[in-house]
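Keep in mind that the numbers below use all heavy atoms, side chains included, and drop hydrogens, waters and symmetry copies. All figures in this text were calculated on a predicted structure; none of them were measured in a lab. Throughout, protein chains are lettered first and strands after them, A, B, ... in sequence-line order, and every chain is numbered starting at 1.
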Amino acid sequence: MQCRTDLGLCVAFPPSPVTRSGTQKAAFVGSSWPAKMAAPAGKVARGWSVLALTLRTAVPRLPGLTQVRWSRYSPEYRDPQTDKEYYRKPLAELTEEEKCEQELRKTQLIKAAPAAKTSSVFEDPVISKFINMMMKGGNKVLARSLMTQTLEAVKRKQFEKYHAASAEEQATIERNPYTIFHQALKNCEPVIGLVPILRGGHFYQVPVPLPARRRRFLAMKWMLTECREKKHRRTLMPEKLSHELLEAFHNQGPVIKKKHDMHKMAEANRALAHYRWW
Amino acid sequence: MATPCVFCGAAAFYRLFLGGRVSLTRRQGVWKAAAAELQTDTGFQILRLRHTTGVTTKKNVAALRRETYTVDFIKKQIEEFNIGKRHLANMMGEDPETFTQEDIDRAIAYLFPSGLFEKQARPVMKHPEQIFPKQRAIQWGEDGRPFHFLFYTGKQSYYSLMHEAYGKLLEAEKRQSQLQAKGLFSEKTETKDLIGSRWLIKEELEEMLVEKLSDQDYAQFIRLLERLLTLHCGAEEEFVQRFRRSVTIQSKKHLIEPVQYDEQGMAFSTSEGKRKSAKAEAVVYEHGSGRIKVNGIDYLLYFPVTQDREQLMFPFHFLDRLGKHDTTCMVSGGGRSSQAGAIRLAVARALCSFVTEEEVEWMRQAGLLTADP
């Protein structure tokens, strides 16, 4: 199956219980793999189903494919949970599954929290991801300031509209820049995507359902490309980006049009849907 | 393969053209000790005589065969090891009776210092059971008849283990149905401490059985044991426990700094942290107003970037102790982000002394106490 792995390789990956890899330190298909396998539907008290033991497989040394992304952590390290509320929940409120998971975490090694992550209430994972995508050359300071300026610009525009509007309209105007941002990106997410599949020497664009993370990524990517390329040289990024976000929030604008184009292409190519085998 | 080919000594390179098929047999006189390449070309075949020595051409059959150690050999090795251990203890001036394996390792490291990077290539003196791989004794008697009734399955220990486990499962089920029929069956669902232990992994099971297993065999076996566990029968518990290994509880590994007291009687705690090439040392006072001083400068001036200040506040905010501690840090090396990360680690470690064990475990799970590699 041609899947996007964290390695940046295209490797066929049927999940199977295999022996420990030992010295391999490569990053693998989403750290959610063991978590997914360690939470079976049924017997939770014995949360250790056989598949939960699957430690990551060794990377097959295929010619022409090299490991792109490494990790200094060995495979048994888990991602940290920085949410304060998760730990403050009283014992009575936890379900069986959560209790089991908590017990399990006590035995696991945890990675260090990344530098951009805190337990602050002001932190938003979507915003952080967007800042990272906007960043160029490692200049996180600039990207973050652009983001804050964008959110400020969105807020200002909405407040201007609010003060200029009548009483009935005021109820409908959304002023929180974070909700506008989230809603705009959600509106830009495509439902179905196209994947080039090689058949009989030709590449066909086959319509394919997209996983959630791919959709989020495409929405952000389109937004950024649109703002970077289609703006006048003198306009600044926050201004353009705030404008695009507001348009997307109202389901208008070039990014929404791009999403609709993608949907139309998928609809046009629906005859090729049977080329998909997964 | 009697004598090496005379041509080899001359380091000559021959090209022999032969019409028709040639069957290459090593016993042919001319090319005895040489590796010849059969090169098919249109019509005829060319034999190219390569100059090689006799050693590389012969397949070292003796080395490829697995070395079998006899029981007597192993016994002798064990005796020699024990005597050697006593000699070593004498040499090091220690009591031979209480000379443990760690003492042996230390003595060997002292007597034979080795700078080799590969730890397994260094001199080692261990009990022969750990050095010689476990092998199976001859599985059949003099008349050729095998001892074990499952010998012809190929994996006799595995199948006999499965047989035993399944027998226990059937017994447990029978007992349960009997109890249910009598009405004495109680729905007891005690959750045993399954978290502190894990199943054997495949390599460990292979080692235990001295047999090669496939992944499916292993999975099947673990499934059977899990089924056994669901039946909650006391008799089978020890049988199942044989196949479980304990897992360390990670939080116990942390070293908590002791709280110190300065001249004014104020409690404080010191700790170090590092990230990339930055090293930091933080002193956290138990009572304060939330001031943080880095290298003598206020943190607002030292870290103009918001992200770094957020990192400094992270441990305090996580434990809801934002305005309650005063901190003084010394940091050097690295860039601004790694200095912030180093201070964060140092502060988190220092805070461990003022905080309950549960909160320490929470900090560990939030990734505050792990040094970024």
Side-chain angles (χ1 to χ4, degrees), chain A residues 16-20 22 25 42-55 71-74 77-84 86-88 96 99-123 128 131 138 140-141 144-145 148, chain B residues 189-199 201-203 206 215-216 218-223 226 229-230 244 247-252 275 304-308 310-311 313-315 317-320 336-338 340-341 344-345 358-359 361-373:
Chain A
S16 62
V18 284
T19 54
R20 69 178 162 194
K25 286 193 179 189
K43 306 178 185 210
V44 181
R46 303 129 199 62
W48 293 93
S49 70
V50 173
L51 294 176
L53 285 177
T54 59
L55 297 165
S71 172
R72 288 299 308 263
Y73 294 105
S74 57
Y77 277 83
R78 300 280 162 265
D79 284 323
Q81 165 73 271
T82 44
D83 178 28
K84 251 197 325 187
Y86 174 81
Y87 300 108
R88 297 284 192 272
E96 269 290 324
K99 274 194 199 139
C100 203
E101 213 186 289
Q102 278 202 356
E103 288 289 320
L104 194 60
R105 293 207 98 208
K106 286 196 191 151
T107 60
Q108 286 168 338
L109 290 164
I110 311 273
K111 298 186 198 175
K117 216 152 176 280
T118 58
S119 56
S120 164
V121 291
F122 301 112
E123 194 187 286
S128 306
I131 291 174
K140 181 82 153 240
V141 179
R144 195 168 157 155
S145 67
T148 38
Chain B
T189 44
E190 352 85 25
T191 46
K192 274 174 7 15
D193 180 30
L194 289 168
I195 297 298
S197 57
R198 59 165 177 87
W199 289 118
I201 55 171
K202 188 179 149 210
E203 276 98 359
E206 278 183 354
D215 293 334
Q216 289 86 2
Y218 170 73
Q220 187 78 3
F221 180 62
I222 298 291
R223 250 174 280 175
E226 285 188 345
L229 270 186
T230 62
R244 289 200 76 100
V247 164
T248 48
I249 303 284
Q250 290 301 329
S251 60
K252 306 234 165 67
R275 167 116 207 273
V305 179
T306 320
Q307 182 184 296
D308 302 333
E310 280 171 2
Q311 287 295 293
M313 291 196 286
F314 185 8
H317 179 260
F318 186 77
L319 298 168
D320 290 330
R336 56 147 246 275
S337 182
S338 31
R344 181 186 91 184
L345 182 59
E358 203 187 19
E359 290 184 313
E361 175 60 23
W362 291 348
M363 278 214 283
R364 186 192 74 87
Q365 287 187 17
L368 280 169
L369 296 176
T370 325
D372 214 325

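- Using a 4.5 Å cut-off between heavy atoms, Lys140(A) contacts chain B through its side chain alone, with no backbone atom that close.
- Using a distance-only test at 3.5 Å, with no hydrogens or angles considered, a donor-acceptor pair links the side chain of Gln311(B) to the main chain of Ala115(A).
- For Phe318(B), the ring pair (Phe, Tyr, Trp, His ring centres under 6.0 Å) partners are Tyr87(A), not counting sequence neighbours.
- At a 4.5 Å heavy-atom cutoff, Asp308(B) makes no contact with chain A through either its backbone or its side chain.
- Proximity of Ile110(A) to Arg364(B): side-chain heavy atoms (C-beta onward) are separated by under 4.5 Å at one or more points.
- With rounding to the nearest 0.5 angstrom, the NZ atom of Lys117(A) is 7.5 Å from the CZ atom of Phe314(B).
- Residues Ala113(A) and Arg344(B) come closest through the heavy atom pair O-NH2, 2.8 Å.
- The closest donor-acceptor contact from the side chain of Lys84(A) to the backbone of Asp320(B) lies at 3.5 Å or more, if one exists at all.
- Under the rule for a side-chain contact (heavy atoms from CB on, under 4.5 Å), the partners of Ser128(A) that lie at least two apart in sequence or sit in another chain are Glu123(A).
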Walk me through it: do Gln102(A) and Gln365(B) pass the test side-chain contact (heavy atoms from CB on, under 4.5 Å)?
CA-CA 10 Å; Gln102(A) 278 202 356; Gln365(B) 287 187 17; 5.9 Å; no
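- A heavy-atom distance below 4.5 Å is found between the side chains of Val141(A) and Arg336(B).
- Contact annotation: the side chain of Thr306(B) approaches that of Arg144(A) to within less than 4.5 Å [non-hydrogen atoms, C-beta and beyond].
- Nearest heavy-atom pair across Ala112(A) and Thr370(B) is CB-O, 3.3 Å.
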